[in-house]
2 protein chains.
Amino acid sequence: MPKIVDHNKQKEKLAVATWRVIRRDGLERASLRNIAKEAGLSVGSMRHYFSTQSELLAFSMQLVSDRVCDRLQSFVPSGNLMEDVLHVLCEMLPIDEERSTEMEVWFAFTSKALVDPTLQALSLYVYDDMKGFIAKKVEQLIEQHSAGSRLDVNLETERLFALIDGLAIHAIMHPERLVPEQARAVLIYHLQSIFKL
Amino acid sequence: MPKIVDHNKQKEKLAVATWRVIRRDGLERASLRNIAKEAGLSVGSMRHYFSTQSELLAFSMQLVSDRVCDRLQSFVPSGNLMEDVLHVLCEMLPIDEERSTEMEVWFAFTSKALVDPTLQALSLYVYDDMKGFIAKKVEQLIEQHSAGSRLDVNLETERLFALIDGLAIHAIMHPERLVPEQARAVLIYHLQSIFKL
DNA sequence: AATAAAATAACACAACTGTATTAATAAATC
DNA sequence: GATTTATTAATACAGTTGTGTTATTTTATT
């Protein structure tokens, strides 16, 4: 009877348009009208998929973490633990255009999360998720390299986690000072200094 | 002839009021009217000190880095290099209310800097300044601990710098997961793992 | 006390915001 | 082809925004 469109695809299309607006003009310019124009839709049409702006923004933030998770889950390990760990950790660095977009948008949302409970909750959830993920990798590395038996798993995990986010921020904010290869080099340097002794 | 007020003091008062609004309601709520209300002034009065909103925001961001620099410069070293380095690096972590305020506000401005050339320039300047500062400390530590002769100064500097900013972000965003003492503990752990071998 | 200038306040204006309401369009079934 | 309904578009409205203009208040000098 009606014109049928894939609801979820349309929602993702709007979310990606939201990303573009945020990246180009900033989160405070991500108004319904600007997003609608970017997506080539009318404001009224958008309300069919998101009854409120907060919903759209929350969905757009969620989509970032979903995309990263998807890539992590579809990754097939090579068997070389160090290489594999390096590979998945690089998923969290802005090493190419796709990842840069995601990181910049995530950064903008993270900042807003400080004063927005809904976004705050999502941010916390992702923090726990990523920390658990990194902790697992640290444990595997410690187990493999017998010399690491005296390492503190908790401290090593938070150290590695903070290092990654710090590198990501620096690479995003000042790409002319920290290019992807350098960020990657620091990460390799860090892992080797701990697990290759 | 006129009523004379200390221009700079008044500007700082407005900037600090801006901080409060940003911290409580977010940067997008930092309108002239809201800031004026927070400072107990009229919008017209503000325009006497800042002819535009951008000026006020840029000044408010600058004031954050000024405050941190002031504290760093007024610090008198104890002589114990490791202790002193730890102390100054903790100036960049949200370990108390004053520093938390500054970090949160700085974080908000940093996010906006991605789409605001003026703030971007300030952010870059501070990045270079801090990196130079940290590099100096790393060199001193390497020099003192002879075992560190094989360390790469550049990599160690960016690693430490990223670690600090990463810890700061985590402590700001999720204070219930990373309390100040833990952030400090990670920093100590990092420094000792490199320079106490 | 008079005055000149600095500081403050009040109001106006056009542009933008989120959202609600209403009308028009499109497509899948009968 | 008519009809039903999901989808899209258009308009309206109250609230907020930055900024410009104008008037008022305050105070240090004469």
Side-chain angles (χ1 to χ4, degrees), chain A residues 1-22 24-61 108-109 111-113 115-119, chain B residues 1-22 24-61 108-109 111-113 115-119:
Chain A
M1 320 159 183
K3 174 180 177 184
I4 285 184
V5 311
D6 187 330
H7 247 245
N8 239 27
K9 280 275 178 256
Q10 195 81 336
K11 286 174 82 171
E12 291 198 3
K13 198 178 119 186
L14 283 169
V16 174
T18 304
W19 291 3
R20 286 198 299 272
V21 174
I22 290 174
R24 175 173 14 98
D25 305 322
L27 191 46
E28 43 193 345
R29 292 246 129 74
S31 66
L32 292 179
R33 284 167 179 82
N34 288 341
I35 294 170
K37 193 188 302 174
E38 178 70 32
L41 274 102
S42 75
V43 178
S45 303
M46 287 175 56
R47 271 176 71 79
H48 230 259
Y49 303 101
F50 300 99
S51 62
T52 178
Q53 187 194 28
S54 305
E55 267 183 41
L56 169 56
L57 294 182
F59 183 90
S60 299
M61 182 176 180
F109 278 124
S111 169
K112 189 181 170 76
V115 291
D116 184 319
T118 302
L119 305 187
Chain B
M1 320 155 181
K3 174 180 175 183
I4 285 182
V5 312
D6 187 329
H7 247 244
N8 240 25
K9 279 276 177 256
Q10 195 80 336
K11 287 174 81 171
E12 291 199 3
K13 198 178 118 187
L14 283 169
V16 173
T18 304
W19 291 3
R20 286 197 299 271
V21 174
I22 290 175
R24 177 175 10 99
D25 306 321
L27 191 46
E28 43 195 343
R29 292 245 128 74
S31 66
L32 292 179
R33 285 167 178 82
N34 288 341
I35 294 170
K37 195 188 300 175
E38 178 70 32
L41 273 102
S42 74
V43 178
S45 301
M46 288 174 57
R47 273 175 68 82
H48 228 260
Y49 303 101
F50 300 99
S51 62
T52 178
Q53 187 194 27
S54 305
E55 267 184 39
L56 169 56
L57 293 182
F59 184 89
S60 299
M61 181 177 182
F109 279 124
S111 168
K112 189 182 169 75
V115 291
D116 183 320
T118 303
L119 305 188

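Order of the sequence lines sets the chain letters (A, B, ...), proteins ahead of strands, with each chain counted from 1.
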Can a side chain N or O of [X] be found less than 4.0 Å away from OP1 or OP2 on [N]?
X       : N      : value
A:Gln10 : D:dT7  : no
A:Thr52 : C:dG18 : no
B:Ser31 : D:dT17 : yes
B:Asn34 : D:dT16 : no
A:Ser45 : D:dT7  : no
B:Tyr49 : C:dT8  : yes
A:His7  : D:dA6  : no

What is the distance from [atom1] of [X] to [atom2] of [N], rounded to the nearest Å?
X       : N      : atom1 : atom2 : result
B:Leu56 : D:dT19 : CG    : P     : 10 Å
B:Leu32 : D:dT16 : CG    : C1'   : 12 Å
B:Arg33 : D:dG18 : CZ    : P     : 7 Å
A:Lys11 : D:dT7  : NZ    : P     : 12 Å
A:Lys13 : D:dT8  : NZ    : P     : 8 Å
A:Ile35 : C:dT19 : CD1   : C1'   : 14 Å
B:Leu57 : D:dG18 : CG    : P     : 9 Å

- Task: Please determine, for the side chain of B:Gln53, which listed nucleotide (C:dA9, D:dT8, D:dT19) has the closest atom?
- Result: D:dT19
- Query: Between D:dT19, D:dC13, C:dA7, which nucleotide gets closest to the side-chain atoms of B:His48?
  - Reply: C:dA7
- Heavy-atom nearest nucleotide on DNA chain C taken for A:Ser51 and for B:Ser42; more 5' hit belongs to B:Ser42
